[in-house]
Amino acid sequence: MNLMTEETDKFRAREEKWQKRWKQERAFVPLNDGSKPKYYNLIEFPFPSGSGLHVGHMLPYTGMDVLARFRRHQGYDVLFPIGYDSMGISSEKYATKIGKHPRDSVAELIKIFEKDISVMGLSFNPESTVATSDPEFIKWTQWMFIQFFKAGLAYKSELPMNWCPCCKTNLTNEELEDGKCERCHGPVEKKMKLQWNLAMTKYADRLIDDLSLVDYPEQVKVQQINWIGRSCGADVNFMVDDDVMTVYTTRIDTIFGVTFCVLAPEHKLISKWLENEKITNKQEVMDYIESAKSKSEFERTDVTKTKTGVKLDGVMATNPFNGRKIPVFISDYVLVDYGFGAIMAVPAHDSRDWDFAKKFNLDIIPVLAGGTDGAVYEGDGLHINSEFLNGMGKDEAIATAIKYGEEHGFAKGTKKYKLKDWGFSRQMYWGEPIPLVHCEKCGWQPVPESELPLLQPFMSDYKPTDDGESPLARATDWVNTTCPVCGGVAKRETDTMPQWAGSSWYFMRYIDSKNNNAFCDRKLLDKWMPIDHYNGGMEHTTRHVLYSRFWYKALSDLGFVPGVEPYKKRTSNGLLLAEDGRKMSKSLGNMVPSSDAVARAGADACRMTILSLGPWEQNVNWSEGTLSGVQRFLKRVENLSDNLTHDTMTVEQERLVNQLISDVTERIENMRFNTAISGMMEFLNAFNGGKMPYDAYEILIQLLNPFAPHLTEEMWEKLGHKDMMVYTAWPVFDAAKLVKQETVIVVSVNGKRSGDFVVAANATQEEITEHAKVVAQKKLSGVQIIKTIYVPNKLINFVVK
RNA sequence: GGCCCUGUGGCGGAAUUGGUAGACGCGCUUGACUCAAAAUCAAGUUCUGCAAGGAGUAUCGGUUCAAGUCCGAUCAGGGCCA
């Protein structure tokens, strides 16, 4: 590729000059004096990892930097911060790999990251940086947890957790990929352990309903709604002799078609029935339970696999609606932590139940009209074989059945969610210790606020233990403490918080990063929240974004933050892949480190290349060709500064300038950076071979500034301006000057193009029609014009026969 | 299996509400400059055809005066979920 290496040195020297000046004049520090409206522009902060920053990391930073600079030109007081998500499993793993303590490896990595970021000319506020591993930051993360604990949102419960024997830690469902550990890709086992939860499901309805208050891409909203998985259904109590067996169903209207029930292998009633010898095929049942343990949720609910299960001999349930006795099975396709871990099966109208009934030779009773014999029918139809529901449609039958069940006390209408409470315990060293102590007399008590932050003890060996306990459990001096209430003997909680804890509120610390008395001054929160624009990866839609929305709502209910939503607007960028179309990675050797690209072509060229590659939301491939094309463009812009005229602009030149302002403004606003750049290239091409009027050039430089801030500052200075470009007002266009003097009219016959002609913009329709007939003469001879369609300033179409 | 997205030259990609398909960039071809090359500048570059013309936005069908754009089916690729 033909990069101009001798030019690059010049570019680089200039870039350093301006970066230094921006820093000296605190150009990117918000004024915070109320003289301008605020704009909070946010990127997702990186976690410092060993592979360093490549051009892909720079994509969201650069795009949002263009917007930050654009908003400053528009007169906003802009907060555009960056920090480091330096607490959690990824930082710990990196430290382990290089054999250093995470506190040291994190500090080193942050230095490298800061350098890479600064040479790109990104306009982050250098005075508001935060790192989630800073003791001052941890203090407030822990403080917030304590508020949640006091409000009853944090509780301990025994849940089946995903135990990764390789990473020796428990993972939430969100940290699984295809049922395997997302970090080591190894298999995951189910393991029961007492752990801390945050009661996120309490907010499930609001997390769905409040989406109407925010501007997120439709796709993101849909994904969050599906993830939360709200369903309206009914709890129905089946009796098994004296035991109540409750099932959850969304189709209570099919109750008369129930021919069996299925329990999850972990269901509590099973162990009871095994103990009291109710179940007569004990060994078979126990074997099945054992085999289900090793399967992941993914395997268990895979609809394509054949159903397995065991009948519980000796157990019969009674359908409360008709008194019918039905058999009970256990099967692994029923999950213990959704609903009650128990379902009623209607084989005639559910394919999973159908498969199961066929395999075990069970009755199939159709209760909806419209099906055919010998096949499952999952469509709608009027109810049959259903006593008092006969003849009803779905909605009416559901309402009637719920009413009947409620009147008789064996069913009630309820809502259920797929969303689970947030498993908040981790068994790793490099996480915020959960700030609670357990006293025999007083139970769980929060660490007094004056003792925050509660840091982990220094441990040189912080590898997790083999038995699933946190490494902190080995630090007995630290674990043994006194009860903050009664002063008696107590033990500290040894589990730590997940990676997602710090990132759930970091954006508020940016606003007031050095405050010692509060996580953020309330007046400043009122001023800067909510975030006006938050851009980040699509992969965070159901994790980070949902967690932080929950966190914010919880703080809001406790009166600590204004409003109920943290992010007014959310956008997502695509991935920047390597030139070969694969993900950039060290091991594939296809990585383009940003520092390397800057060294070869300069920061301005690098920034514009990243944004030129394709549309914002789509995945794009890095291209060295684009890099050299952009560098050529920048060189031409610079050379043009020696080729300016002071002539007044022609009418056509004025139109081009106004059109450019209009286009670039609109395209930046809509994050269509690739076409904003190509628009400026077109503009330059329109002046090929000639001179550009001074005024036109000055506007081009202003529009180009957010993309190529260094070169444009240099040219701005060369034009004789003393002030820096950072706060110059954005150019405005005159709509009256956008009108073309002449337009090209396309002539078509029956929709097929047959020529075009140029006409004055003020020509009448009659003149145009006559002219068009001449142009299309060949195709119009010997035919009859039935209809003429005229699209003003664009096209005229003759419909002929 | 469900939900969602994408499919346009040799390549990356442009095309308000349906209204000139291929902007812009890369690459390539030719020319100028040069002993030569690089860089730069100029012209060209969807396919087919000498040309007039014809064909053309994954495939097939539909709606419309007019479809890359809207509708239906199919195929291919990707994402999220189960």
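A note on names: the letters A, B, ... follow the listed sequences, proteins ahead of strands, and every chain is numbered from 1.
Along RNA chain B, the nucleotide closest to A:Val630 and the one closest to A:Gln219 are compared, and the more 5′ of them pairs with A:Gln219.
At the phosphate of B:G79, neither OP1 nor OP2 sits under 4.0 Å from any side-chain N or O atom of A:Asn619. Taking 4.0 angstrom as the limit, A:Asn685 places a side-chain polar atom (N or O) nearer than this to OP1 or OP2 of B:G25. For the OP1/OP2 pair of B:G25 and a distance below 4.0 Å, the side-chain nitrogens and oxygens of A:Arg632 include no atom meeting the criterion. Between A:Lys583 and B:G79, a side-chain N or O to OP1/OP2 separation shorter than 4.0 Å is absent.
Across the strands present, B:G9 finds no partner; the criterion is a Watson-Crick or G-U wobble pair with both atom distances under 3.5 angstrom.
A straight line from CZ of A:Arg636 to P of B:C41 spans 6 Å, rounded to a whole angstrom.
For B:A58 and B:G68, the C1' atoms lie 12 Å apart once the distance is rounded to whole Å. Remark: the separation of the C1' atoms in B:U57 and B:G13 is 13 Å, to the nearest Å. When the P atom is compared between B:A15 and B:C50, the two are found 35 Å apart, to the nearest whole Å. Rounded to whole Å, the C1' atom of B:A67 lies 27 Å from the corresponding atom of B:G10. If you take atom P in B:U6 and the same atom in B:G72, they sit 14 Å apart, rounded to whole Å. B:C60 and B:C24 have their P atoms separated by 31 Å, given to the nearest Å. Atom name P, nucleotides B:G78 and B:U40: the rounded distance is 38 Å, in whole Å.
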In 5'-to-3' order, the base (B), backbone-only (S) or no-contact (-) status of each nucleotide in nucleotides 16-21 of chain B, using a 4.0 angstrom heavy-atom cut-off, is -B-BBS
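A:Arg667 comes within 4.0 angstrom of nothing in the nucleic acid, heavy atoms only. Residue contacts for A:Ser612: at a heavy-atom cut-off of 4.0 Å it reaches no nucleic acid atom on any strand shown.
Annotation: side chain of A:Asn670 is not in contact with side chain of A:Trp616 (no heavy-atom distance under 4.5 Å).
Salt-bridge annotation for A:Lys359 and A:Asp355: absent, with no side-chain N of the basic residue lying under 4.0 Å from a carboxylate O of the acidic one.
Within the structure, ring-ring contact (aromatic ring centres under 6.0 Å, His included) contacts touching residues 759-791 of chain A (residues at least two apart or in different chains) are A:Phe757-A:His771.
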